[in-house]
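Encoded as structure tokens, the structure appears first; notes follow it.
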Amino acid sequence: MQESLGLHTVVPLESQGDAADENKYIIFALGEEYYGAKLLEVREVVEFLPTKSVPNTVPSFQGVCNLRGQIIGVVDLRIRFSIDAPKATRSVLLVFDTESGAIASSVDQIASVSVILPNDVEWRPNIVSSIPSKYIIGIGKLDQKMITIIDLKAVLSHDELTNIERSKMLVKEA
Amino acid sequence: MVDVDFLPTFLDEASETLERWESVCLKLENSASPELLDDLFRSAHNIKGSSKSVGLVEFGALVHRAEDVITRMKNGEIKPNPSAISALLECQKSLCDWVEKLRDEPTFVLPTQQILEKLSEFLQVKDPEKMQEDLGFGLFDEDLASKEPIHKDLGTILIEAGSASVQQIEDAVKLQSRRLGEVLVDTGVVTPDTIKAALEIQKGTGHKQDESIRVSLRKLDSVIRLIGELSIQHAIVCNARDVGTVNEFASVEAIGLAHKVIQDLQSEAMSLRMQTLEVLFQRMERVCRDVAMQQQKSIQVVLKGTEVELDKTVIERMKDPLVHILRNAVDHGIEDAEGRAQSEKPAIATLTIEGIQTAGNVSIRISDDGRGLNEERILRKAIERGLVSASAKPSKEEIHQMIFLPGFSTAEKVTDVSGRGVGMDVVRRAVDDLGGSIAIESRLGHGTQFLINLPSTLSIVNAVVINLSDKLYAVPVQDVEEVVDMSSVQIERTTQRGRVINLRGRILPVERLATFLPPHTQDSIQSERKSVAIIARHQSTTVALEVDGIVGQQSIVVRQLEGKLSQVPGFSGGTILASGEPSMIIHLPQIVKSYASLAK
């Protein structure tokens with residue numbers, strides 16, 4: 001996977017001190033494009049688990065999966081960010097621990113864990129994209145490639161999952 | 001400096017000792033035996049000792065004062081009269097509140113001036129401040145300079161951040177009868193925002209408190225024994241696999257035995273979470289006593305079935321609802337002395353709180369011999385408030401259930417005790433959430449009885465697994481009244497949309513469950529088989545919900561849903577089915593409620 005991207009700056013996880021961890025990003029693919037998320041915020045990376053869809057949820061909510069006995073919700077990022085590309089057959093789950101509990105997002109594949117130094121990042125760029133700009137932390141340069149760094153944890157913890165448009169359900173009181 | 005490492009242990013111990021304190025005080029009211037006084041003294045003495053050892057100086061000082069009062073009682077210098085016992089109970093209450101606060105905020109200091117003075121009245125010591133001074137204020141001592149405090153108090157954080165000087169903090173602490181942060185803001189040393197930020201830091205360094213419960217050694221031994229047995233069976237199977245005899249009798253038997261052991265282990269493990277109702281009931285007795293005293297009513301509280309066990313979570317969540325019911329019972333249910341005399345009842349009212357164990361369920365019965373529910377008045381009030389239509393002709397039971405409607409309160413006067421318009425609907429919701437039910441029986445002039453039916457555990461549920469739009473879901477058996485084969489009953493159309501069935505003389509409306517749980521947008525549905533319906537009831541609505549099939553019945557382990565997922569309507573949790581696939585647990589009462597609102 002790395003070769004195809006031509007990323008050379010893959011850092012073994014143990015080789016750097018705490019300070020460097022701040023600059024580590026997990027680089028993943030959604031369709032043709034590559035995105036990054038802060039490595040420290042990711043609880044774990046899980047290879048493909050079958051998900052089961054749940055009624056009364058938004059279209060981007062892929063369903064729930066059984067992660068070692070824990071029921072975890074999975075958000076399909078390609079639908080969430082309206083990325084138009086054929087779905088990978090075996091996606092990968094990035095699991096996050098948010099304040100309100102664990103939740104995962106599915107991505108097409110993990111490319112690498114890379115260091116992007118703060119100087120190589122254009123912070124909070126003012127660009128129009130399918131991803132709401134409040135969730136874009138910056139655009140990072142990694143070996144001549146542009147990586148959109150997303151605040152995935154914020155996306156996952158703020159998104160409402162309930163959608164009862166097609167149902168006759170009463171809404172739950174929070 | 002408070003020792004945060006030992007604080008949780010101390011707090012658990014203190015809660016337990018304070019419960020003891022309370023029960024002894026309640027007994028002392030009836031008979032002042034020297035044994036009870038000794039018991040009380042021991043409780044106070046223990047807490048005093050351990051509080052000082054974890055550095056809670058002010059806490060210890062308050063207990064010390066109470067201990068002095070108890071000592072004088074023991075020596076016969078003070079009579080254990082109601083006012084003295086009330087003071088001790090009040091002190092116990094403050095200590096309980098303090099303990100709760102300390103769980104979140106290890107540096108919390110309760111203002112004790114008032115209660116100290118109250119206790120001092122019995123000691124004829126008029127200067128509580130003096131005593132406190134001797135003990136120091138505990139927040140700041142030599143530990144302030146220590147390099148790596150495990151838990152920093154607010155003052156230290158502010159000093160380190162340069163927001164306030166040591167002198168300013170110390171001055172503020174001297175004035176402290178309230179929270180340090182408030183004092184600092186009021187005296188203009190720091191802004192509210194700075195305090196907020198500092199408190200955030202404090203939260204971050206604070207320990208996430210783990211709850212603990214007491215477990216009997218017998219139960220623990222039994223769990224360990226079962227695990228031992230399980231590993232023996234496992235070894236047999238592993239060995240059989242290695243030598244290639246997995247299919248032979250010995251290993252098949254081992255697998256069978258292992259299955260039985262796992263079941264035993266599961267029920268033992270569940271029972272570790274069970275607690276007796278004793279502590280809960282004792283607390284309720286206290287509530288009744290306090291309200292009765294406040295209203296100058298004399299009541300006798302009878303506790304029965306305190307040995308019945310219930311899941312700790314269920315107990316915790318029933319605490320507030322029970323308080324509401326009991327407050328209402330004493331406040332509205334039981335007549336004042338005059339009223340009782342008029343209706344020729346014994347002067348002392350009786351209130352019974354009873355725990356009843358039934359198969360798989362636990363009931364709590366609260367009965368009083370008060371004036372009973374006035375159906376006429378309840379109905380009038382409900383109509384007045386627009387909660388029911390004026391033309392409705394509800395049955396007696398339906399009228400009784402009206403007291404649980406949100407916004408219903410029949411108290412003519414709003415009293416301090418009850419009748420704030422909130423309350424009984426909260427009770428209903430809490431019981432519903434637990435998957436329980438409440439029944440009311442009442443006879444005007446003779447009393448009221450609440451029967452609360454609760455599941456004894458929340459973790460393992462017997463469930464019907466159903467098929468809906470090619471997906472499997474679990475439905476707790478307790479929510480299903482009956483399963484009906486729709487091909488065996490006549491479905492009749494009433495209107496364009498409405499369908500009903502005649503089930504042994506009962507006319508029930510029919511609705512597709514998929515109306516409430518439509519397939520997710522990404523799903524493509526293969527088949528449409530509507531042949532089975534589950535009958536579900538919630539309050540006065542009963543409906544037959546069509547599903548695509550019944551797969552079977554199994555015990556499922558309930559997993560709480562996390563975060564936003566828990567807010568998706570229609571579900572109460574998740575589970576892993578025997579096949580390993582995740583499945584959602586359907587919350588039928590909510591579906592029926594949605595149906596009822598649809599029908600309106």
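Per chain, numbering begins at 1; letters A, B, ... match sequence-line order. Side chains are part of it too, since the values below use all heavy atoms of this structure and drop only hydrogens, waters and symmetry mates.
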Above 12 or not: heavy atoms from other molecules or residues under 6.0 Å from CZ of B:Arg273?
yes
Working to the nearest 0.5 Å, report the span between CG of A:Leu156 and NZ of B:Lys564.
10.0 Å
Just do the side-chain contact (heavy atoms from CB on, under 4.5 Å) check on B:Gln590 and A:Met169 with the steps written out, would you?
CA-CA 8 Å; B:Gln590 205 197 351; A:Met169 224 38 224; 3.9 Å; yes
Test side chain to side chain contact (heavy atoms under 4.5 Å, CB included) applied to B:Val557 - qualifying residues, sequence neighbours left out
B:Gln266, B:Ile460, B:Arg559
Checking heavy atoms, do the side chain of B:Thr575, its backbone, both or neither come under 4.5 Å from chain A?
backbone
Can you say whether A:Asp159 sits under 4.5 Å from chain B via the side chain, the backbone, both, or neither, judging by heavy atoms?
backbone
Counting heavy-atom pairs under 4.5 Å with chain B, which one of A:Leu49, A:Asn163, A:Val64, A:Ile71 comes out on top?
A:Ile71
B:Leu561 portion near chain A, given a 4.5 angstrom heavy-atom threshold:
side chain
Using non-hydrogen atoms and a limit below 4.5 Å, what part of residues 116-125 of chain A faces chain B?
none
Among the listed options A:Gly69, A:Ser157, A:Gly101, the residue most often paired with chain B at heavy-atom distances under 4.5 Å
A:Gly69
Part of B:Leu472 lying under 4.5 Å from any heavy atom of chain A:
both
Region of A:Thr98 that comes under 4.5 Å of a non-hydrogen atom in chain B:
neither
Check whether any side-chain heavy atom of A:Pro55 lies under 4.5 Å from a side-chain heavy atom of B:Phe516, and answer yes or no.
no
Top contributor to chain B interface from A:Leu161, A:Val58, A:Asn66 [non-hydrogen pairs under 4.5 Å]
A:Asn66
Once salt bridge (charged side-chain N to carboxylate O under 4.0 Å, His left out) is applied, what residue pairs with a partner in residues 126-138 of chain A remain, sequence neighbours excluded?
none
For A:Asn56 versus B:Val568, what's the shortest heavy-atom pair and its separation?
O-CG1, 3.6 Å
Using the salt bridge (charged side-chain N to carboxylate O under 4.0 Å, His left out) rule, collect all pairs that involve residues 50-66 of chain A, keeping only residues at least two apart or in two chains.
A:Lys52-B:Glu581
